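The structure displayed is predicted, hence computed values, not measured ones. The sequence lines fix the lettering, A, B, ..., with proteins before strands; numbering per chain opens at 1.
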Number of protein chains: 2
Amino acid sequence: MRRPTMTDVAREVGVTAKTVSRVLNDEGPVAVETRERVMAAVRKLGYQPNLMARNMRVGARDAAIGLVIPEMGNPFFGTVAGGVEGVIRERGLTLIVGSSSENAELEHSLIATFLARRVSALIVVPSAGSDHRRLRAERVAGLPIVFLDRPSVGLTADNVVSANRQGAQTGVTHLIAHGHRRVGFVGDLPAALYTRRERFQGYRDALALAGLPFDRALVDSGHDQDAAARATLRLLALDDPPTALFTANNLASMGAVLALSRAGRRDVALVGFDDLPLAEALDPPLTVVAQDPAGMAAAAAELVLSRMDGDRSKARRSLVPTRLIVRGSGEVPAPRT
Amino acid sequence: MRRPTMTDVAREVGVTAKTVSRVLNDEGPVAVETRERVMAAVRKLGYQPNLMARNMRVGARDAAIGLVIPEMGNPFFGTVAGGVEGVIRERGLTLIVGSSSENAELEHSLIATFLARRVSALIVVPSAGSDHRRLRAERVAGLPIVFLDRPSVGLTADNVVSANRQGAQTGVTHLIAHGHRRVGFVGDLPAALYTRRERFQGYRDALALAGLPFDRALVDSGHDQDAAARATLRLLALDDPPTALFTANNLASMGAVLALSRAGRRDVALVGFDDLPLAEALDPPLTVVAQDPAGMAAAAAELVLSRMDGDRSKARRSLVPTRLIVRGSGEVPAPRT
DNA sequence: TTGTAAGCGTTATCAC
DNA sequence: GTGATAACGCTTACAA
């Protein structure tokens, strides 16, 4: 029992496939009566158009957008994926996703698969160490490519990133404003990661702006929650420990929160980059520099759509603002000396 | 500048397209020398096979799996998506996702789009109120369809769900074991949702097993975090309030944690269904009945693959076990009377 | 208002 | 070992 095709519908009605096509696509003139008979046959046969065939017309592209993110379980990237899908669906586009696990090779192979499918556009969150030189030909050929959260490497293309440096500066300045003169930095790894570097710069900017010295001993890192917790403990165990901490991403924040909570240290101020679901319920509630994943996704998707609509202007970098959310942990005052 | 096709490669080498196809698919006999010349031409022209065309052969299906989840930003479903992708990628399948926002109509339209693309299989987390009768024909035609987290409605098909009832019973029994005789239930909405109903049954099972009376006044609900927080406060404001709470999903847990933390109520025991990222860092750390989203995703994906491999046995229901994680909030003892 | 012919890029079938 | 031809289901261009 073959699935009915357009030709089957046409035969049923006694017209030709093209007429059925016209009815289904609301295109060109079709007699009212013909239209009705076609629709009836469509229902009777349970006909469903085959998108694969439709997408395969002369040089046409698949009505889908390929999205590569590091990890789907991470709410930040999950929200990004949802945001992209919400925007493109209005245009009848479908979302194809793959997760790279922060692995440049996997990222590359996902991109290759998406290109082989002839997706209409590509949105990529680059992994550390990936290189996008190979995408040059695609870009030249007019394929819209937008890099999200982290900029492209070796390729001039559209980028949508958070205002990492400014946001981090705001967060650290907030701590300094509460009297802290020794502010620790807990970052993620690898330290070469774009977001990590930018936020670290913001941290240094804030110190410089306040006339505070930079002390390399106050900088530590961990590549996951537990490692960040250990980094936090190392900082607190210094001879001249920090009285406040700035955590440069959500895993670092979670690690620091955990470490402080276990150690019963409520005297250490903490501002985290990127918001957490339960931030408000922590004790003290966590002050954060919140990113806007949905906003970033929307910006990237809109950019992609405008490129698909023929916008050939030169590559843009869109900086999505962050927002300081004051909740308590960042307002713990510095101890008197 | 057209993108090179198989025919272009063939012309370059002086063979026919079929030979190129044979080389690329390691199929049939090809002379070593021919193979090498083909590969050289592929590299020279930068040829990339067109998956759209490949997938469109006689009655063939798209090498992709359609996944419908309620919301991508929710780590539970994000993890599910990641888990599915990880398993199917090994088989060269691609993931196509859509989020239904718990809306039956949107769910239906996503499914229709996926069917139109002729996906190789469908994995669906049903929304409340959706009906899957229309998928009967697809199932009969042999399309693998697996329902995840919540069972199908109006259609006998494969299901993968958490051991909701047993898990909830375990959680509530745990509270009772710590001396609580009035245990409140904070659920999500709508109350007709499968998971909510099952967990509620588990709650009642635990009460019955312990010989405790069921008190409808101890049951409240909210459809999001804030509503759950308000529900929590309503329960605590009762004349004869609960001394322990069981929250039936992660939003309810977050709401309850928030409400208790704001009210400074550390004397109320709490066990939540579904784990939270920061559960350990809460004060007290949150005891939960953890689900296994990655395990569920893997089970669903494996089931789909086995169906694709021709397994025609009758529809299965797979119950994925939950796990009680003791952290502190569930062990707050009941006050003496 | 409708039909005809051709083609998208690949693979199946069968012949050489 | 390799080629010729047809086919997948649809749309475009042109003709009637």
Side-chain angles (χ1 to χ4, degrees), chain A residues 1-39 41-42 45-64 92 113 115-120 141, chain B residues 1-39 41-42 45-64 92 113 115-120 141:
Chain A
M1 270 227 16
R2 251 176 59 269
R3 185 183 295 268
T5 77
M6 209 169 236
T7 316
D8 295 327
V9 176
R11 188 174 16 234
E12 177 81 15
V13 181
V15 295
T16 190
K18 181 58 204 172
T19 304
V20 177
S21 169
R22 278 196 261 261
V23 171
L24 263 38
N25 296 310
D26 267 324
E27 161 210 314
V30 178
V32 189
E33 199 222 320
T34 312
R35 149 167 284 110
E36 277 167 10
R37 283 170 52 218
V38 166
M39 293 311 286
V42 163
L45 298 181
Y47 168 75
Q48 294 177 309
N50 183 330
L51 278 188
M52 274 200 291
R54 163 193 260 263
N55 286 335
M56 208 201 62
R57 287 148 327 165
V58 194
R61 314 226 49 126
D62 190 353
T113 306
L115 291 176
R117 297 186 74 98
R118 304 292 189 263
V119 292
S120 295
Chain B
M1 268 221 23
R2 253 177 57 270
R3 185 184 295 269
T5 76
M6 211 167 233
T7 316
D8 296 328
V9 176
R11 188 175 14 239
E12 176 82 16
V13 180
V15 294
T16 190
K18 180 61 198 170
T19 303
V20 177
S21 170
R22 278 195 263 260
V23 171
L24 262 39
N25 296 307
D26 266 326
E27 161 210 312
V30 178
V32 189
E33 199 223 320
T34 312
R35 147 167 288 109
E36 276 166 9
R37 282 170 51 219
V38 166
M39 293 310 287
V42 163
L45 299 181
Y47 167 75
Q48 294 177 309
N50 184 330
L51 278 189
M52 273 201 292
R54 163 192 258 263
N55 287 334
M56 208 202 62
R57 286 148 330 159
V58 195
R61 314 227 51 129
D62 189 354
T113 306
L115 291 177
R117 297 185 74 98
R118 305 291 189 265
V119 292
S120 295

Quick check: does any side chain N or O of R37(B) sit under 3.5 Å from a backbone N or O of V13(B), one acting as donor and the other as acceptor? yes
Ranking P29(B) and P49(A) by the position along DNA chain D of their nearest nucleotide, the one closer to 5' is P29(B)
Interatomic distance where CE belongs to M52(A) and C1' belongs to dG9(C) [whole Å]: 13 Å
Rounded to the nearest Å, what distance is computed from the CG atom of residue L51(A) to the P atom of nucleotide dC8(D)? 19 Å
Do V9(B) and E12(B) come close enough that some side-chain heavy atom pair is under 4.5 Å? no
Nucleotide of dT2(C), dT11(C), dT11(D) approaching R54(B) most closely (side-chain heavy atoms): dT11(C)
Residue pair E27(A)/A17(B) against DNA chain D: nearer the 5' end by closest nucleotide is A17(B)
Whole angstroms only, please: what is the CE-C1' distance between M6(A) and dT12(D)? 13 Å
Taking OP1 and OP2 of dG9(D), is either one under 4.0 Å from a side-chain nitrogen or oxygen of T7(A)? no
Any donor-acceptor N/O pair under 3.5 Å between dG9(C) base and R118(A) side chain: no
At under 4.0 Å, does any side-chain N or O of T16(A) touch on OP1 or OP2 of dT2(C)? no
I need the CG-P distance between D62(B) and dC8(D), as an integer number of Å. 18 Å
Could you please name the option among dG9(C), dT2(D), dG3(D) that lies closest to any side-chain atom of K18(B)? dG3(D)
With side chains defined as the heavy atoms from C-beta onward, is the minimum distance between D62(B) and R117(A) less than 4.5 Å? yes
dG9(C), dT11(C), dC10(D): which one has an atom nearest the side-chain heavy atoms of S21(B)? dT11(C)
Would you indicate which nucleotide in dT2(C), dG9(D), dT2(D) comes nearest to any side-chain atom of V30(A)? dT2(C)
Base, sugar-phosphate, or nothing for R57(B), non-hydrogen atoms under 4.0 angstrom? base
Heavy atoms of other groups near E33(A) CD, more than 12 under 6.0 Å: no
Would you mind reading off the distance between N55(A) atom CG and dC8(D) atom C1', rounded to a whole angstrom? 14 Å
Can you find a pair of side-chain heavy atoms, one from R118(B) and one from Q48(A), that are under 4.5 Å apart? yes
In whole Å, I'd like the distance from the CG atom of N25(A) to the P atom of dA13(D). 14 Å
Taking the minimum atom-to-atom distance to the side chain of M56(A), which one of dA13(D), dT2(C), dC8(C) wins? dC8(C)
4.5 Å side-chain heavy-atom contact, D26(A) and R35(A): yes
Of dG1(D), dT1(C), dC10(D), the nucleotide closest to the side chain of A31(B) is dG1(D)
May I ask you to say what T5(A) touches in the nucleic acid, namely base, sugar-phosphate or nothing, with a heavy-atom cut-off under 4.0 Å? sugar-phosphate
Whole-Å distance, R117(A) CZ to dT10(C) P, equals 15 Å
Whole-Å gap separating C1' (dT10(C)) and CZ (R22(B)): 13 Å
Does OP1 or OP2 of dT1(C) have a side-chain N or O of T34(A) closer than 4.0 Å? no
